[in-house]
There are 2 protein chains.
Amino acid sequence: MDATTEALQDDAGTFPHLDRDTSNCSIARTLEVVGEKWTILILREVWYGSSRFSEFERVLGCPRNLLAARLKMLVEEGILATETYKEPGSRSRPKYVITPKGVDLVPAVMGLLQWGDRYRADPEGPAMLSRHRGCGAHVDARIRCDQGHAVQPEDIESIPGPAFRLRPAE
Amino acid sequence: MDATTEALQDDAGTFPHLDRDTSNCSIARTLEVVGEKWTILILREVWYGSSRFSEFERVLGCPRNLLAARLKMLVEEGILATETYKEPGSRSRPKYVITPKGVDLVPAVMGLLQWGDRYRADPEGPAMLSRHRGCGAHVDARIRCDQGHAVQPEDIESIPGPAFRLRPAE
DNA sequence: TAGCTGAGTATGGAAAAGTAAACTCAGAGA
DNA sequence: TCTCTGAGTTTACTTTTCCATACTCAGCTA
């Protein structure tokens with residue numbers, strides 16, 4: 001953050017959001033990876049238990065070339081990893097498993113899930129429920145601060161971080 | 001959930017995920033609304049303080065026709081609402097503000113943000129930081145159950161809900 | 001060695017998105 | 001009345017993405 005930015009920041013408690021460089025936004029960068037059609041739905045299926053090409057194809061009904069492209073990208077990004085499995089009487093074939101980097105997408109996907117549950121579910125309720133293994137209670141994504149407080153969206157303050165930059169003048 | 005489904009569920013503690021009807025999935029339904037290009041980025045800008053057509057255009061650099069289409073859709077979906085503002089010497093013009101339904105997308109967007117912060121940030125760190133107004137601590141999206149426990153992704157159990165259906169046979 | 005199967009690749013057309021610029025429209029001010 | 005401005009709409013073109021289907025490939029079995 002340069003001096004001008006800092007001055008504006010200190011002055012009004014605000015920041016020049018209209019003139020910032022949005023190219024290093026973490027939301028946009030995440031969407032570059034998981035924002036294409038089918039990608040998040042593939043992760044959903046991994047989560048629900050699928051691991052083989054034919055399983056994804058069957059449950060998603062998505063075109064094979066796109067499925068192959070998305071799986072390849074997810075592996076390249078380290079969100080999925082390939083292992084091999086061997087069905088008796090068949091040769092070894094690849095399967096796809098989630099990595100820790102992929103597991104870290106769970107809060108985002110849970111957020112999408114719970115919004116859909118709230119606003120777009122069928123009259124009888126959601127198609128799937130998520131519960132805490134063991135205690136059995138319903139789970140959802142919530143916002144917390146490092147002090148442990150539950151945080152309401154309106155109490156989140158967004159401030160320029162270390163990589164904040166102004167957009168280069170045109 | 002029909003009898004067959006219930007039987008499979010009770011039997012193995014699992015469910016026929018490959019044969020389920022995915023058309024009422026809450027994740028997919030949320031993506032139908034916010035999964036198009038620019039939509040989440042528009043919400044991000046609303047969150048950071050933009051409200052006018054020209055402001056979105058300036059900071060996002062997105063095509064005017066797409067911007068108009070996305071704003072219209074977000075208003076129709078009740079995620080944004082229009083109000084009017086009046087600059088002295090000018091006529092009243094519309095501006096866009098977030099609704100409670102839009103605020104409910106914050107956990108999902110926070111999830112995307114924190115994944116990008118972790119895996120795709122610049123070397124010096126994120127472009128923006130989120131902190132709890134008041135206590136000042138960093139905030140992020142986490143998974144909790146209704147009993148108040150912090151839940152690890154691997155302790156989430158996904159089970160068929162009231163609208164679970166098997167895919168119609170072909 | 002011919003056929004079968006799961007996991008892809010190749011291809012061609014349709015739909016959506018991106019780009020750029022012209023055009024419209026309502027009201028405030030000169 | 002003429003002009004200016006913000007907020008769009010429209011048009012025309014290029015590029016990208018999506019979709020459906022056909023085809024290939026490797027190794028296992030008959």
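Naming: A, B, ... by sequence-line order, numbering from 1 per chain.
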Please report, rounded to the nearest Å, how far the [atom2] atom of [N] is from the [atom1] atom of [X].
X     : N      : atom1 : atom2 : value
A:E83 : C:dG6  : CD    : C1'   : 18 Å
A:L71 : C:dA7  : CG    : P     : 10 Å
B:E32 : C:dA16 : CD    : P     : 14 Å
A:E55 : C:dT5  : CD    : P     : 17 Å
B:K37 : C:dT19 : NZ    : P     : 10 Å

Would you tabulate the nitrogen or oxygen pairs shorter than 3.5 Å linking the protein to nucleotides 9-11 of chain C?
| unit_1 | atom_1 | unit_2 | atom_2 | d |
| --- | --- | --- | --- | --- |
| C:dT11 | O4 | A:N65 | ND2 | 3.0 |

For this session: Return the set of residues passing side chain to side chain donor-acceptor pair (under 3.5 Å) with B:E55 (not counting sequence neighbours), or none when no residue passes.
Result: none
Seminar exercise, completed: At a 4.0 Å cut-off to heavy atoms of chain A, the contacted part of DNA chain D spans D:dC18 to D:dT29
Salt bridge or not for [X] and [Y], using N-O below 4.0 Å?
X      : Y      : result
B:R29  : A:D117 : no
A:R120 : B:E32  : yes
B:R142 : A:D140 : no
A:K37  : B:E36  : no

For this session: Name all residues meeting the side-chain contact (heavy atoms from CB on, under 4.5 Å) criterion together with B:A137; count only those two or more places apart in sequence or in a different chain, and write none if there are none.
Result: A:C145, A:D146, A:Q147, B:C135
Exercise. Would you say A:N24's side chain and A:A163's backbone share a donor-acceptor pair under 3.5 angstrom?
Worked result: yes
pair [X]-[Y]: side-chain heavy atoms closer than 4.5 Å:
X      : Y      : value
A:F56  : A:Y96  : yes
A:L105 : B:Q114 : no
A:C25  : B:Y48  : no

Exercise. Tell me the salt bridge (charged side-chain N to carboxylate O under 4.0 Å, His left out) pairs involving residues 83-112 of chain A, sequence neighbours left out?
Worked result: A:R52-A:E87, A:D104-B:R118
Atom pairs, protein N/O to nucleotides 28-30 of chain C N/O, distance under 3.5 Å:
| unit_1 | atom_1 | unit_2 | atom_2 | d |
| --- | --- | --- | --- | --- |
| C:dA28 | O3' | B:G89 | O | 3.1 |

Answer with base, sugar-phosphate or nothing: what part of the nucleic acid does [X] contact at a heavy-atom distance below 4.0 Å?
X     : value
B:R58 : nothing
A:Y85 : sugar-phosphate
B:Y96 : sugar-phosphate

